[in-house]
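Everything below concerns the one structure shown next.
Every number for a ligand or one of its atoms is a count from 1 in the order of the listing. FYI, side chains are in, hydrogens and waters are out, and symmetry mates aren't considered; it's all heavy atoms of this structure.
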Amino acid sequence: MRILIDTDCGVDDAQAIMMALRQPGATVEAITTVTGNAHVKHVNRNVLTVLDVMGADVPVFPGADQPLVPGYWEAEARVHGEDGLGGYTNRPATARQLEAEPAAAALVRLASEAPGQYILVALGPLTNVALACRLDPLFPDKIRQLVFMGGTISALGNTRNVTAEFNAYCDPEAAEIVLDAFAQATMLSWETTLKHPFTWEQYDALAATDTPAGRFFRDTTITTVDYLRQFRQVPGYLLPDPLAMAITLRPELVRESAMHYARVELQGRATRGQTVIDYMGLLERESNVSIVTGLDTAGVYALYQQMLA
Ligand code: RIB
Ligand code: CA
């Protein structure tokens, strides 16, 4: 399984990357970075930190520092900290360097070098992926599968446009371009994230793992957990990007999904960034997303145990 990861490496992205790095039979062949949870300069450093912690060598290609249309993005420091990794201070100087090639160009080149081989897992705003679609109109056809964490499927969002999920909200134009360009994408939405948390007891057990990866998991999540645990409506430890990675690495964990046509609201004064799902087929458009609504959280927990060992 040959994987490309596009990420706005925040706390949950880091876990998704760690999960892929420790999955037998999967190789992470490139990581591209994008502004989202934090500015891309922090995201770049965070990805290098994850590679240091995991002792993995993967080329990192720096990507877009702002969405396609400026003026809407704001970092999500409440959840991910100013640095994007929960204020993680234990960062020795890294010897790793970023690649010189920009992310979108790297995505296009890699897909052209190995058409039909790569699974692209997009964990942040889709700016780089949209740029790749514009650089090479055949890019979507050269990607074996696109899996993305993003969007809402019942207008239950997590941003100031309350019907919009953060990744789509940051760059709605990019999301619209990508959903239009790919014949089919696998979508892991915010509502599906809310339905499949770890219990706080499961979180506590993982955070007690006394390994470098386990200590990194604890140190980078404790701020988020302190923030989330205060809200009674938060059902447990949320796993947005890790769920998208888990169903990529182990598709058998998907318990329920359905094909629909989806597009993105770009104009709405209160809804810009909402992913609009045509459940009734009223638009008579071919479906373009496989919406995952059920998955085996116990299987995801096993992947965490594997990655933190
Ligand atoms: O809405 C959750 C998504 O936005 C996750 O990918 C998280 O990392 C942030 O990018
Ligand atoms: Ca992310």
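Under a 4.0 Å N-O distance rule, the pair R91/D52 does not qualify as a salt bridge. Salt-bridge check for R229 with D204: passed, with a basic side-chain N closer than 4.0 Å to an acidic carboxylate O. Between E173 and R272 there is a salt bridge, since at least one side-chain N of the basic residue sits less than 4.0 Å from a carboxylate O of the acidic one. Ionic pairing of D210 and R215 is present here: one or more N-O contacts between side-chain nitrogen and carboxylate oxygen are shorter than 4.0 angstrom. Residues R45 and D83 are not paired through a salt bridge, judged by the lack of any N-O separation under 4.0 Å between the basic side chain and the carboxylate.
Residue contact check: F166 has heavy atoms under 4.0 Å from atoms 1 (O), 4 (O), 9 (C), 10 (O) of ligand 1. Taking every non-hydrogen atom of D13 and a distance limit under 4.0 Å, the qualifying atoms of ligand 1 come out as 8 (O). Close contacts of ligand 1 with N167, meaning ligand atoms under 4.0 Å from a residue heavy atom, involve 3 (C), 4 (O), 5 (C), 6 (O), 9 (C), 10 (O). Under a 4.0 Å criterion applied to the non-hydrogen atoms of M149, ligand 1 contributes the atoms 2 (C), 3 (C), 5 (C), 6 (O). The ligand atoms of ligand 1 that sit less than 4.0 angstrom from a heavy atom of N158 are 1 (O), 2 (C).
Shortest distance from the Ca ion (ligand 2) to D8 is reached at OD1 (N/O/S atoms only). Within D241, OD2 is the N, O or S atom that lies nearest to the Ca ion (ligand 2).
Under the 3.5 Å distance criterion, the side-chain polar atoms of D65 are left unmatched by any main-chain donor or acceptor of V40. A donor-acceptor contact shorter than 3.5 Å is absent between the side chain of R2 and the backbone of Q117.
Using cut-offs of 30° and 60° for the angle between ring planes, the F182 and F139 rings count as perpendicular. Relative orientation of the Y203 and F217 rings is tilted, given thresholds of 30° and 60° on the angle between their planes.
Across all non-hydrogen atoms, the minimal contact from L188 to I247 is CD2-CD1, 4.2 Å.
For atom 9 (C) of ligand 1, the nearest protein heavy atom (residue, atom name, distance) is N37 OD1, 3.0 Å. Nearest protein heavy-atom neighbour of atom 1 (O) of ligand 1: E165 OE2, 2.6 Å. Ranking the protein heavy atoms by distance from atom 6 (O) of ligand 1 puts D241 OD1, 2.6 Å first.
The Ca ion (ligand 2) lies under 3.0 Å from an N, O or S atom belonging to L123. The Ca ion (ligand 2) has an N, O or S atom of D13 inside 3.0 Å of it.
At least one N/O-N/O distance between D12 and ligand 1 falls below 3.5 Å. Residue G124 has no N or O atom closer than 3.5 Å to an N or O atom of ligand 1.
Neither the backbone nor the side chain of V11 has any atom closer than 4.0 Å to an atom of ligand 1 (non-hydrogen atoms only).
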